[in-house]
Student: 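Got a structure here, written out as structure tokens. Questions coming.
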Amino acid sequence: MQNAIINITNLRLRTFIGFNPEEREKKQDVVLNLEIHYPADIACVSGDEVEHALNYKTVTKAVINLVESGHFLLLEKLVADILSECHRHPSVTYTKVRVDKPHALRFADSVSLTLAWSQ
């Protein structure tokens, strides 16, 4: 089996994330990194036919809509929802999602949370 791995790196979005009053009123920056696996056997030998590949643009648009229209108290909930969105697509066999919250701690570059799912 040819297992394709799509990596979406440093997707910068804004959302409501956090439970402090100021975090609930103003969108904050988040940075997403996604790793999505799917079997690419047919896509590799199909003669360059698009319908045999996972459309990463479709997945990314759904994730962007989810994140930018959402309100999340916990980073865990945000990451879990993104993970669910990615593996809604039937051909996906594994997904790992990391979300960084760049301004979460004063003396740190970022705070991040990673979750993974496999079929």
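What you are looking at is a predicted structure, and each value in this text was computed from that prediction instead of being measured. The basis for the numbers below is simple: all heavy atoms, side chains too, and nothing from hydrogens, waters or symmetry mates.
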Student: Within this structure, what is the CD-OG1 distance for the pair Q119 and T95, rounded to the nearest 0.5 Å?
Tutor: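 Going from CD on Q119 over to OG1 on T95, the span is 10.0 Å.
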
Student: My understanding is that only residues two or more places apart in sequence, or in another chain, count here; which of them pass side-chain contact (heavy atoms from CB on, under 4.5 Å) with N7?
Tutor: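 If we apply the side-chain contact (heavy atoms from CB on, under 4.5 Å) test to N7, skipping adjacent residues, the hits are I5, T9, E35.
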
Student: Heavy-atom count check: over 12 atoms from other residues, nucleotides or ligands less than 6.0 Å from K27 NZ?
Tutor: yes

Student: Evaluate the side-chain contact (heavy atoms from CB on, under 4.5 Å) criterion for residues S118 and T93: first the C-alpha distance (whole Å), next the side-chain angles of each, then the deciding distance (0.1 Å), finally the verdict.
Tutor: CA-CA 6 Å; S118 64; T93 58; over 6 Å; no

Student: Report, as yes or no, whether the 6.0 Å neighbourhood of atom CG on N20 holds more than 12 heavy atoms from other residues, nucleotides or ligands.
Tutor: yes

Student: Side-chain contact, heavy-atom cut-off 4.5 Å: I6 with Y38?
Tutor: yes

Student: Are V79 and I64 joined in one hydrophobic group, where the rule is that I, L, V, M, F, W and Y side chains link up if heavy atoms are under 4.5 Å apart?
Tutor: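 Shared cluster, yes.
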
Student: Report whether L11 and I36 are members of the same hydrophobic cluster (ILVMFWY, side-chain heavy atoms less than 4.5 Å apart, transitive linking).
Tutor: yes

Student: Do L54 and L66 sit in the same hydrophobic cluster, where Ile, Leu, Val, Met, Phe, Trp and Tyr count as joined when their side-chain heavy atoms come under 4.5 Å apart?
Tutor: yes

Student: With side chains defined as the heavy atoms from C-beta onward, is the minimum distance between S112 and V99 less than 4.5 Å?
Tutor: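 Counting from C-beta outward, S112 and V99 never come under 4.5 Å.
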
Student: First locate atom CD of Q28, then atom CG of L13, and finally report the distance between them rounded to the nearest 0.5 Å.
Tutor: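 CG of L13 is found 13.5 Å from CD of Q28.
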
Student: State, to 0.1 Å, how close E85 and R88 come at their nearest heavy-atom pair, and which atoms those are.
Tutor: OE2-NE, 3.1 Å

Student: Just wondering, are more than 12 heavy atoms of other shown residues or ligands nearer than 6.0 Å to NZ in K96?
Tutor: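 No, the 6.0 Å shell around NZ holds no more than 12 heavy atoms from other groups.
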
Student: Does V31 share a hydrophobic cluster with L115, counting links as ILVMFWY side-chain heavy atoms below 4.5 Å and allowing steps through other members?
Tutor: no

Student: Under a 4.5 Å cut-off applied to non-hydrogen side-chain atoms, are C86 and V59 in contact?
Tutor: yes

Student: Taking the side chain as every heavy atom from C-beta outward, state whether I8 and L32 have any atom pair closer than 4.5 Å.
Tutor: no

Student: Minimum heavy-atom separation for P39 and S91, please, with both atom names.
Tutor: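 Nearest pair, atom of P39 first, then S91: CD-O, 3.1 Å.
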
Student: Is there side-chain contact between V97 and T114, with at least one heavy-atom pair below 4.5 Å?
Tutor: no

Student: Which residue pairs pass the side chain to side chain donor-acceptor pair (under 3.5 Å) test with at least one member in residues 56-70, sequence neighbours excluded?
Tutor: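 Non-adjacent pairs meeting side chain to side chain donor-acceptor pair (under 3.5 Å): N55-T58.
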
Student: Which atom pair, heavy atoms only, marks the closest approach of S110 to D100?
Tutor: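 Of all heavy-atom pairs spanning S110 and D100, the closest is OG-OD2, 2.8 Å.
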
Student: Check step by step if side-chain contact (heavy atoms from CB on, under 4.5 Å) holds for T15 and F72.
Tutor: CA-CA 8 Å; T15 193; F72 306 92; 3.7 Å; yes

Student: Within a strict 4.5 Å, meaning less than it, do heavy atoms of the K101 and I17 side chains meet?
Tutor: yes

Student: Looking at R14, I want to see if its CZ is surrounded by more than 12 non-hydrogen atoms of other residues, nucleotides or ligands under 6.0 Å.
Tutor: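 For R14, atom CZ is crowded (more than 12 foreign heavy atoms under 6.0 Å).
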
Student: Give, for atom CZ of R24 and atom CZ of F19, the distance between the pair rounded to the nearest 0.5 Å.
Tutor: 10.5 Å

Student: Is there a side-chain contact between L113 and L78 (heavy atoms, below 4.5 Å)?
Tutor: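 They are not in side-chain contact.
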
